[in-house]
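To start, the structure itself, in structure tokens.
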Amino acid sequence: MNERFDWSASIGRWFGVPIRMHLFFLTAVLLGMALEWNHRDHTPPIIGTGLVFGLVLFGTALIHELARLMAITHLGGHVDSITLMPWGGVSAFRMSDSPQQRLVAAAAGAFLNGCVFLFCAALLTQSSHSDFVELIHPFNPPEFYLGSWQSSLLSMIAWVNFQMLLLNLIP
């Protein structure tokens with residue numbers, strides 16, 4: 001077994017590539033749920049925001065890495081495996097040493113996160129359910145409300161995609 005997979009579990013093969021989830025991913029979701037429990041005023045649903053956060057984080061990390069997979073295969077490379085992490089993922093891949101192709105492969109996931117963020121932010125700001133500053137504030141994650149689940153889910157998707165975009169801009 002590869003050393004880097006010691007702390008990860010398989011979640012299947014997608015597009016012929018083994019996808020794994022690292023223990024850090026689960027830790028981030030549990031941390032989000034714990035912060036929700038301690039930070040909020042304990043009005044129902046207490047764990048709802050943490051669970052929705054976990055699902056949105058999983059979906060965002062997955063589409064981030066699938067965008068990179070598509071870019072790498074389009075450029076003639078081959079992806080051996082993907083391990084999902086809270087900030088995106090780690091891909092084991094082979095491709096040419098061209099700096100331009102490597103830049104495109106590295107930027108594909110962050111570019112998709114930016115597009116998803118801009119789409120959700122445009123919908124939310126046009127419908128006056130949220131303002132732009134709330135969506136980009138890194139220390140003020142949105143809450144999930146069942147009564148207005150569409151706008152609160154869009155807010156969470158926008159916030160998580162923006163944070164992942166920022167994390168992937170760090171060299």
Side-chain angles (χ1 to χ4, degrees), residues 8 11 14-15 19-72 74 79 82-91 102-171:
S8 63
I11 58 172
W14 297 36
F15 303 105
I19 310 279
R20 304 182 66 79
M21 185 181 303
H22 199 275
L23 178 64
F24 286 156
F25 192 93
L26 181 60
T27 304
V29 172
L30 292 175
L31 179 63
M33 292 172 71
L35 290 173
E36 173 69 18
W37 179 265
N38 288 325
H39 180 67
R40 307 294 182 212
D41 59 0
H42 301 292
T43 56
I46 293 172
I47 300 180
T49 299
L51 289 174
V52 173
F53 168 76
L55 292 173
V56 169
L57 183 62
F58 173 76
T60 301
L62 186 61
I63 65 166
H64 174 93
E65 284 304 310
L66 291 177
R68 294 190 69 227
L69 170 90
M70 297 299 169
I72 291 168
H74 180 72
V79 177
I82 295 173
T83 303
L84 297 179
M85 305 290 267
W87 54 84
V90 177
S91 301
R102 291 206 172 259
L103 178 63
V104 168
F111 178 75
L112 182 63
N113 291 131
C115 291
V116 171
F117 165 73
L118 289 174
F119 178 75
C120 292
L123 288 176
L124 288 165
T125 55
Q126 289 297 318
S127 64
S128 69
H129 285 288
S130 184
D131 68 347
F132 194 76
V133 175
E134 287 178 0
L135 296 175
I136 64 172
H137 194 292
F139 301 112
N140 189 20
E143 293 183 40
F144 181 75
Y145 297 107
L146 198 54
S148 59
W149 68 270
Q150 296 96 337
S151 61
S152 59
L153 181 61
L154 270 179
S155 295
M156 189 165 295
I157 291 170
W159 187 83
V160 168
N161 274 277
F162 186 76
Q163 304 314 314
M164 194 170 291
L165 170 68
L166 285 180
L167 286 172
N168 279 271
L169 291 178
I170 297 172

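Heavy-atom basis, side chains included; hydrogens, waters and symmetry copies ignored. Positions are given from 1, in the same order as the sequence printed here.
Residue I11 holds its CD1 atom at 9.5 Å from OG1 of T83, rounded to the nearest 0.5 Å. One finds the CE atom of M85 at 9.0 Å from the OG atom of S8 (value rounded to the nearest 0.5 Å). Note that OG1 of T125 is 7.5 Å distant from CG of L135, once rounded to the nearest 0.5 Å. Atom CG of L123 sits about 12.0 Å away from atom CD of Q150, to the nearest 0.5 Å. Rounded to the nearest 0.5 angstrom, F53 CZ and I157 CD1 are separated by 13.0 Å. In this structure, CG on L55 lies 10.5 Å from OG1 on T60, to the nearest 0.5 angstrom.
When every heavy atom of A158 is checked against every heavy atom of A121, the shortest pair comes out as CB-N, 4.4 Å. When every heavy atom of V29 is checked against every heavy atom of G50, the shortest pair comes out as CG1-O, 4.4 Å. Taking every heavy atom of both residues into account, I72 and A105 meet most closely at CG1-CB, 3.6 Å. Nearest approach of P142 to T49, heavy atoms of both residues: O-CG2, 3.8 Å. Nearest heavy-atom pair, W159 versus N140, reported as atom, atom and distance to 0.1 Å: NE1-O, 3.8 Å. Nearest heavy atoms, S151 versus L124: O-CD2, 3.6 Å.
Ring orientation note: the planes of F58 and F25 are nearly perpendicular, at an angle over 60° on the 30°/60° scale.
Judged purely by atom type and a 3.5 angstrom limit, S152 uses its side chain to pair as donor or acceptor with the backbone of Y145. Remark: side-chain polar atoms of R68 are not paired, donor with acceptor, to backbone N or O of A108 under 3.5 angstrom. Between the side chain of S91 and the backbone N or O of I82 there is no donor-acceptor pair closer than 3.5 Å.
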For this session: Check the pair V56, N161 against side chain to side chain contact (heavy atoms under 4.5 Å, CB included), reporting the backbone distance first and the verdict last.
Result: CA-CA 9 Å; V56 169; N161 274 277; 5.5 Å; no
Problem set entry | Working for side chain to side chain contact (heavy atoms under 4.5 Å, CB included), residues L57 and M164 | CA-CA 9 Å; L57 183 62; M164 194 170 291; 4.0 Å; yes
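The shortest side-chain heavy-atom distance between F15 and M70 falls under the 4.5 Å cut-off. Contact check for V116 versus I63: side-chain heavy atoms found under the 4.5 Å cut-off. L165 places none of its side-chain heavy atoms less than 4.5 Å from the side chain of F117. With a 4.5 Å cut-off on side-chain heavy atoms, H22 and T27 do not count as touching.
By the side chain to side chain donor-acceptor pair (under 3.5 Å) test, Q163 is found to be paired with no residue, residues two or more places apart in sequence or in another chain being considered.
Applying the 6.0 Å contact sphere to NE2 of H74 captures no more than 12 heavy atoms from other residues, nucleotides or ligands.
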